[in-house]
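Working notes, structure below.
Predicted, not measured: the structure shown is a model, and the values here were computed from it. Only this structure's heavy atoms are used, side chains among them; waters, hydrogens and symmetry mates stay out.
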Amino acid sequence: MGDNNTLGEHNTPRPARRVSAVVVPLLGLIAVIVGVVVAWNNQSTDFGWFAYAPLSETVFIGNGAAMVSQGTQLGLAVTVLGQLVLAFWAGLAVGRRRHQNR
């Protein structure tokens with residue numbers, strides 16, 4: 001035993017911060033940023049259609065439906081995935097903190 005240790009005393013080193021504690025939220029944040037950039041860059045979609053209703057006397061007026069391109073859908077999906085990763089990581093961090101305080 002060393003000079004500073006007394007009988008029954010065990011000095012255990014604190015574990016180093018895990019790499020996942022930094023990498024997981026960083027990947028989630030990167031996914032959110034990339035998803036927003038992809039969705040923002042694919043905003044405009046050109047489309048058109050032609051409809052003819054010869055027996056109808058009413059005019060069709062769209063109810064504000066928006067067409068979303070596949071790029072925007074992909075960007076939004078990546079953003080949601082990044083947010084889920086961040087939420088999962090935050091839940092684990094809060095759970096660990098509460099468990100350690102007991």
Side-chain angles (χ1 to χ4, degrees):
M1 286 212 219
D3 295 333
N4 296 329
N5 291 341
T6 60
L7 190 59
E9 181 182 341
H10 298 287
N11 290 332
T12 57
R14 294 185 70 188
R17 256 190 106 122
R18 294 186 180 167
V19 175
S20 63
V22 175
V23 172
V24 171
L26 188 63
L27 288 176
L29 187 62
I30 289 171
V32 169
I33 291 170
V34 167
V36 167
V37 168
V38 169
W40 188 266
N41 287 335
N42 291 309
Q43 268 187 349
S44 63
T45 301
D46 295 333
F47 66 93
W49 69 87
F50 179 79
Y52 180 67
L55 301 177
S56 176
E57 303 241 349
T58 61
V59 176
F60 172 75
I61 300 174
N63 59 356
M67 300 295 179
V68 182
S69 69
Q70 286 182 338
T72 302
Q73 290 174 358
L74 178 67
L76 293 175
V78 170
T79 301
V80 168
L81 182 67
Q83 289 174 339
L84 286 173
V85 167
L86 287 173
F88 182 76
W89 173 81
L92 281 177
V94 168
R96 283 184 189 144
R97 193 171 301 145
R98 286 186 183 166
H99 182 66
Q100 289 175 356
N101 290 337
R102 287 186 180 185

| task | Report yes or no: do L81 and V24 belong to one cluster of Ile/Leu/Val/Met/Phe/Trp/Tyr joined by side chain heavy-atom distances under 4.5 Å? | result |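 Shared cluster, no.
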- Task: Specify the closest pair of heavy atoms between G82 and A31, including all atoms of both residues, with the distance to one decimal.
- Result: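 What the structure gives for the nearest pair is CA-CB, 3.7 Å.
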Smallest separation among heavy atoms of V36 and T79, with atom names
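Distance-wise, the nearest heavy atoms are N-OG1, 3.1 Å.
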query = When rounded to the nearest 0.5 angstrom, what distance separates CH2 in W89 from CG in L26?
reply =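 Taking CH2 in W89 and CG in L26, the distance rounds to 10.5 Å.
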Checklist entry - Testing V37, L76, T72 for side-chain contact (heavy atoms from CB on, under 4.5 Å) with N42, which one passes? => result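 Output: one option passes, namely T72.
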Exercise for the section: Using a 4.5 Å cut-off on heavy atoms from C-beta on, say whether the side chain of L27 contacts that of V85. Expected result: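 When only atoms from C-beta onward are counted, L27 and V85 do not touch, as no gap falls below 4.5 Å.
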